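To start, the structure under review is shown below, and the notes come after it.
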Amino acid sequence: MKKNAIKWSTIVRVLLVVLLISLVVMPTWFSWAFQPFAPEKGPIIYERASLLSLSLSHLGLVALASIVATLVAVSLAILVTRPLGTAFLPLSRTITNMGQTFPPVAVLALAVPALGFGTGPTLVALFLYGLLPIFENAITGFSTLPPATMEAARGLGLSRWQRLIRVEIPLALPVILTGVRLSVVIALGTATIGSTVAAKTLGEVIIAGLLTNNTAYVLQGGLIVGLFAVLIYDALVQLEGLLLARYSISND
Amino acid sequence: MIPARAGTFGLSAPGVLLALFGFASLLAPFMTLAANRIVEGKGLTAWQLAGPEVIYPGLLSIIIGLILGLFSSWPRVRLAGAVLGLAGLFWLLSQSAPQLLQGAGEYARVSPGLGFWCLLAVLILLMADALTQLSPRPMTRLGLLLTIVTVLFILLGSGALSDLSIMKEYASRQGAFYNAALRHLGLAFGSLAAATVIGIPLGILCYHHAGLRRIALPILSFLQTIPSLAMFGIMIPLLGWIASTVPAAKAIGIAGVGFAPAFLALLLYSLLPVVANMVSGLQSAPESVRDAARGMGMTLMQRLFRVELPLGLPVILAGLRIALVQNIGLAVIAGLIGGGGFGTFVFQGLNQTATDLILLGALPTVALALTAAIVMDVLVEVTQPSQSAQHTQGMPRKPS
């Protein structure tokens with residue numbers, strides 16, 4: 001029963017990946033499917049920019065923002081969970097709680113008056129907003145380490161630095177990764193809206209469809225973005241599971 | 001739990017950081033003066049704004065406020081400092097705007113600049129930090145929130161800020177603003193209500209049937225993952241098709257664009273936090289309590305209503321909080337598909353590159369989301385059993 005379920009999900013995954021790649025690389029294959037949604041005699045497949053280049057730029061934006069956000073957020077979380085930084089712990093909790101109440105769209109809209117239009121403000125908004133879930137999870141990870149393990153690490157005579165690298169970071173990693181996953185999913189969605197402020201992302205296809213009443217564009221853009229998000233989310237969940245399994249085996 | 005504040009001479013480390021940042025912000029342009037609503041304005045620092053009778057009281061209260069925020073052992077003084085600083089900030093804003101507009105031309109606009117926004121953020125954080133130290137009871141927090149909201153409404157209603165560009169944008173579309181506000185609230189609360197009506201029974205079913213739980217929760221998580229713009233977009237052909245094939249659906253106002261697709265998209269997004277927290281809330285009753293209930297001969301329904309639901313209430317409410325805050329933010333996207341709400345102004349403003357129109361949409365959304373979060377947090381805390389049981393907050397928020 002269990003084995004069967006795994007097989008099915010693998011087949012579905014492969015099919016979705018193939019569908020996504022062909023949607024991006026060979027959009028004309030799907031003309032027949034989008035035809036009914038296009039206006040009469042109107043264009044069916046988005047051709048103002050190649051879907052491949054839009055996808056790459058979209059994913060690149062998300063990857064860049066998420067990598068920088070992860071590095072900064074984890075470093076900050078390490079700082080505020082050291083004895084020297086504890087004074088800042090309540091304030092940083094307040095900032096993350098309040099910050100995550102800010103709607104991502106609003107963050108994006110507010111970045112425009114400050115930074116102007118284009119890819120820049122989107123990148124900054126993605127980075128700033130992406131910090132919060134990673135930071136929150138990293139703080140949780142670093143402040144809920146099992147006391148017995150920490151005591152043992154100290155007893156072994158490991159220095160602070162060694163404890164951080166060899167014990168604390170590996171132990172907190174699963175929780176941090178959950179934050180990274182959340183942050184990546186948020187960034188994928190916010191980057192889509194980024195095309196309203198002239199960032200080059202897949203949202204452009206959806207917006208073009210909305211502006212010209214061409215539902216075929218809307219569906220095309222929506223399907224591609226949705227598939228990317230679902231598959232990336234799934235991949236990150238699998239990665240977390242893999243790391244967790246590996247860690248708990250080596251721990252036994 | 002508040003760790004003891006380290007720091008020499010009773011100085012609060014966050015207070016020092018905030019004060020430094022606050023003083024630096026004083027050097028940035030406090031306001032901008034532009035020839036009209038579209039062009040970029042000229043930045044003016046705080047001491048270039050108006051005559052000394054305006055500047056000195058304002059600057060002085062900001063500086064004193066920031067200094068009062070330094071003393072870690074007197075949280076009440078820190079709170080008072082934050083309030084004093086905020087008063088100075090709004091004094092400068094309201095008093096200098098009319099002076100700046102004098103002789104600047106018919107279409108001239110004044111707006112708060114980078115310095116103002118940074119100082120506002122610094123002072124709000126100082127206030128929040130002092131409040132965290134004081135850790136007020138839930139009802140006190142609610143009272144504080146009510147006071148702040150009242151003061152804000154008095155400030156906006158008094159006309160003291162009506163010379164600001166954002167208030168001029170508001171004045172020229174008052175009717176549209178109230179419609180947008182009603183529509184935004186309708187979308188956010190309406191879809192939450194619908195999600196509650198569907199999600200609570202679904203959550204109870206998932207709690208009792210592990211098989212259903214294993215199917216429903218992953219599907220809802222995947223739905224949550226889909227970027228909002230894509231989700232709103234996909235709803236359009238879907239609902240358009242329903243409207244064209246089912247006459248009854250069309251008769252009750254279901255159409256491809258407008259309210260219906262936005263409502264449905266928000267409903268789908270809010271199902272995950274509602275259902276997932278419903279399940280973990282019901283599961284949070286300790287096994288011993290459930291055994292006792294069973295031993296007392298309670299039926300399934302009695303156990304649900306007398307034991308599991310009351311004990312799980314905080315977690316269930318936390319789910320509603322996540323859904324509500326998320327809905328308020330996501331309802332902005334409705335502005336792109338003709339669904340109304342504050343998003344209309346945001347996207348109009350982006351199209352016209354009119355900064356203050358963007359703010360007219362974005363600021364009320366942020367204020368609404370923050371208010372909803374604070375009120376729901378109080379509700380969650382009030383329903384918490386007194387033995388200070390720590391519950392996890394459950395599901396994460398939905399992205400954008």
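Worth knowing before you read on, the calculation uses all heavy atoms, side chains too, and leaves out hydrogens, waters and symmetry mates. Nothing here was measured: the structure is a model prediction, and the numbers come from that model. Order of the sequence lines fixes the chain letters, A, B, ..., with proteins taken first and strands second; residue numbering starts at 1 for each chain.
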- B:Asp356/B:Arg109 salt bridge by N-O under 4.0 Å criterion: no
- Would you call A:Arg93 and A:Glu136 a salt bridge, taking side-chain N to carboxylate O under 4.0 Å as the test? no
For [X], is it the side chain, the backbone, both, or neither that has a heavy atom closer than 4.5 Å to a heavy atom of chain A?
X        : value
B:Leu359 : side chain
B:Leu238 : neither
B:Phe342 : neither

Between [options], which shows the greatest number of heavy-atom pairs under 4.5 Å with chain B?
options                               : result
A:Ile206, A:Val112, A:Thr94           : A:Ile206
A:Gly85, A:Gly203, A:Ala229           : A:Ala229
A:Phe102, A:Phe228, A:Phe117, A:Phe88 : A:Phe88
A:Val218, A:Val230, A:Leu110          : A:Val230

- Let me know if A:Ile207 has heavy atoms under 4.5 Å from chain B in its side chain, its backbone, both or neither. side chain
- Sort A:Thr215 into side chain, backbone, both or neither according to what part of it lies under 4.5 angstrom from a heavy atom of chain B. side chain
- Message: Under a plain distance cut-off of 3.5 Å, with no hydrogens placed, do B:Glu169 and B:Gln348 share a side-chain donor-acceptor pair?
- Response: no
- Going by heavy atoms in the side chains, are A:Leu54 and A:Lys200 under 4.5 Å from each other? yes
- Item | Student check: side-chain heavy atoms of A:Val80 and A:Phe135 closer than 4.5 Å | yes
- Item | Residues that A:Tyr217 engages under ring pair (Phe, Tyr, Trp, His ring centres under 6.0 Å), provided they are two or more places apart | A:Tyr46
- Partners passing salt bridge (charged side-chain N to carboxylate O under 4.0 Å, His left out) against B:Arg214 (at least two apart in sequence or in another chain): none
- Message: Check the orientation of B:Phe222 and A:Tyr233. Use parallel for under 30°, tilted for 30 to 60°, and perpendicular for over 60°.
- Response: perpendicular
- Task: For each of B:Ile374, B:Thr365, B:Leu370, tally heavy-atom pairs with chain A at distances under 4.5 Å, and name the one with the top tally.
- Result: B:Leu370
- Message: Under a 4.5 Å cutoff for heavy-atom pairs, which residue among B:Val332, B:Ile234, B:Leu350, B:Ile358 has the most contacts with chain A?
- Response: B:Leu350
